[in-house]
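This report concerns only the one structure given below.
In this text, all values refer to a predicted model and were calculated from it rather than measured experimentally. Position 1 is the first residue of the sequence, and the numbers go up from there.
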Amino acid sequence: MDILGAILWPFKWVLEAILVTFHTVFTTFGMGADEGYTWVASIVGLVLVVRAALIPLFVKQIKSQRSMYLLQPELQKIQKKYKGKSDRDSRERMAKEQMELYKKHGSSPFSSCLPLLAQMPVFFSLFSTLTEAQHSKPGVGLLSQELSSSFANSHFLGASLSETFLTASTDSVKIIAGVMIVLMTASQFITQKQIMAKNQNAATQSSQFAQTQKIMLYVFPVIFLISGVSFPLGVLIYWLVSNFWTMGQQYYVIRRMPTPGSQAHNERQARLEKKGKLPKSDTPVEENEALQQPQRVQPVSKARAKKKPTGKK
């Protein structure tokens with residue numbers, strides 16, 4: 001067993017156990033053991049279990065992203081402080097101050113990638129399982145050779161779950177795979193765009209972190225578009241359902257915990273005001289600014305102006 005195989009072994013074992021468990025439950029209720037829709041339903045069940053397990057990590061990601069947006073002004077001050085200084089000591093001091101700032105706010109520039117990275121072992125394990133199933137190889141755990149062959153040879157919408165866009169046996173299979181790749185890419189783009197459009201305040205739109213988010217907005221979908229042609233349909237189904245889960249989950253979290261000053265925050269304030277549930281601590285920024293404006297100095301009457309304060313004798 002190679003190093004990658006040794007790393008993926010426990011993930012594959014758990015993955016197969018979840019997949020086979022759902023397959024067993026569905027067949028117990030009368031669904032065909034070798035039918036594609038049974039295996040697709042099992043994949044959907046797998047997505048639900050995996051993504052439910054990642055909910056705490058996802059919420060942490062959203063909170064960390066919000067912190068990253070809020071600390072951008074402080075980061076820009078640090079960058080401005082060391083602007084034009086390229087010596088080693090200055091770079092080290094700048095990096096140290098940035099890391100202390102990240103630690104203080106409990107955030108990280110890599111936080112937005114956490115759920116994606118956490119799914120990578122599952123993704124590679126599923127990809128490996130399906131690749132082996134194409135050659136009728138058994139899994140490492142509960143996925144026996146019989147079940148592996150059943151999975152690989154089952155058909156959904158007329159396409160085998162083990163086929164890819166590149167290995168499609170018919171044009172219809174290639175069309176199905178192509179549509180799923182486009183949907184997977186589009187959902188990835190919309191998910192990232194949702195963060196930038198709804199959960200980003202105006203003060204951070206020109207920051208380095210925001211620019212990185214813009215790059216990711218286009219890079220990740222392109223990666224999925226290019227690599228998707230080699231994904232088996234079973235993997236495409238998993239990733240597509242997972243992306244839809246992410247879109248819905250992110251919409252809910254951003255709606256409930258928006259970044260202060262963002263469009264989502266303003267919309268939440270408006271909803272709370274309409275319902276009469278706006279707490280005093282959630283007073284909109286515009287109202288706070290209005291409350292902090294210096295009061296107009298009242299003109300002093302002539303009688304008061306002539307009156308002089310009495311001092312001690």
Side-chain angles (χ1 to χ4, degrees), residues 1-54 118-181 183-184 224 227-245:
M1 183 182 295
D2 57 6
I3 296 178
L4 181 60
I7 295 174
L8 294 181
W9 190 92
F11 294 99
K12 291 179 67 175
W13 197 97
V14 174
L15 173 72
E16 291 176 13
I18 298 172
L19 190 66
V20 171
T21 298
F22 275 109
H23 182 264
T24 302
V25 170
F26 292 140
T27 54
T28 301
F29 282 96
M31 298 176 68
D34 298 324
E35 297 294 337
Y37 62 82
T38 306
W39 284 111
V40 169
S42 301
I43 292 174
V44 173
L46 174 65
V47 173
L48 297 180
V49 172
V50 172
R51 294 313 306 268
L54 292 176
Q119 286 192 88
M120 285 296 103
V122 177
F123 168 76
F124 284 122
S125 298
L126 184 59
F127 184 87
S128 175
T129 299
L130 287 175
T131 301
E132 293 172 356
Q134 287 178 296
H135 300 89
S136 298
K137 293 182 179 179
V140 299
L142 299 182
L143 191 65
S144 63
Q145 183 169 350
E146 181 182 357
L147 289 173
S148 180
S149 299
S150 173
F151 189 8
N153 297 322
S154 62
H155 288 73
F156 180 70
L157 299 178
S160 173
L161 293 180
S162 63
E163 290 187 271
T164 69
F165 181 85
L166 296 177
T167 62
S169 57
T170 62
D171 290 338
S172 61
V173 175
K174 186 166 291 189
I175 292 173
I176 292 173
V179 170
M180 294 182 68
I181 292 170
L183 290 175
M184 181 181 67
F224 281 112
S227 58
V229 296
S230 61
F231 294 170
L233 291 183
V235 175
L236 290 177
I237 292 171
Y238 171 88
W239 209 250
L240 184 59
V241 175
S242 181
N243 281 358
F244 285 145
W245 171 289

- Message: Given 3.5 Å as the limit, does a donor-acceptor pair link the side chain of Ser148 with the main chain of Gly139, or not?
- Response: no
- Message: When you measure from the side chain of Ser160 to the backbone of Ala152, do you find a donor-acceptor pair of N or O atoms at a distance under 3.5 Å?
- Response: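 A pair under 3.5 Å: yes.
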[X]: partners by side chain to side chain donor-acceptor pair (under 3.5 Å), with sequence neighbours left out:
{"X": "Ser150", "result": "Asp34, Trp39"}
{"X": "Ser230", "result": "none"}
{"X": "Ser169", "result": "Glu163"}
{"X": "Ser172", "result": "Thr170"}

With a 4.5 Å cut-off on side-chain heavy atoms, are [Y] and [X] touching?
{"X": "Met180", "Y": "Phe231", "answer": "no"}
{"X": "Ile43", "Y": "Val241", "answer": "no"}
{"X": "Thr167", "Y": "Val173", "answer": "no"}
{"X": "Phe22", "Y": "Val49", "answer": "yes"}
{"X": "Val50", "Y": "Tyr238", "answer": "yes"}

Of all the heavy-atom pairs spanning [X] and [Y], show the shortest one and how long it is.
{"X": "Ile181", "Y": "Gly228", "answer": "CD1-O, 3.3 Å"}
{"X": "Ala33", "Y": "His23", "answer": "O-NE2, 2.7 Å"}
{"X": "Ile176", "Y": "Leu157", "answer": "CD1-O, 3.1 Å"}

- Message: Within the supplied structure, the quantity of interest is the number of heavy atoms (other residues, nucleotides, ligands) at a distance under 6.0 Å from Phe11 CZ; does it exceed 12?
- Response: no
- What residue pairs, at least two apart or across chains, pass side chain to side chain donor-acceptor pair (under 3.5 Å) with a residue in residues 10-19? Lys12-Ser128, Lys12-Glu132
- Residues in side-chain contact (heavy atoms from CB on, under 4.5 Å) contact with Thr28, at least two apart in sequence or another chain: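 In terms of side-chain contact (heavy atoms from CB on, under 4.5 Å), with neighbours along the sequence ignored, Thr28 is linked to Thr24.
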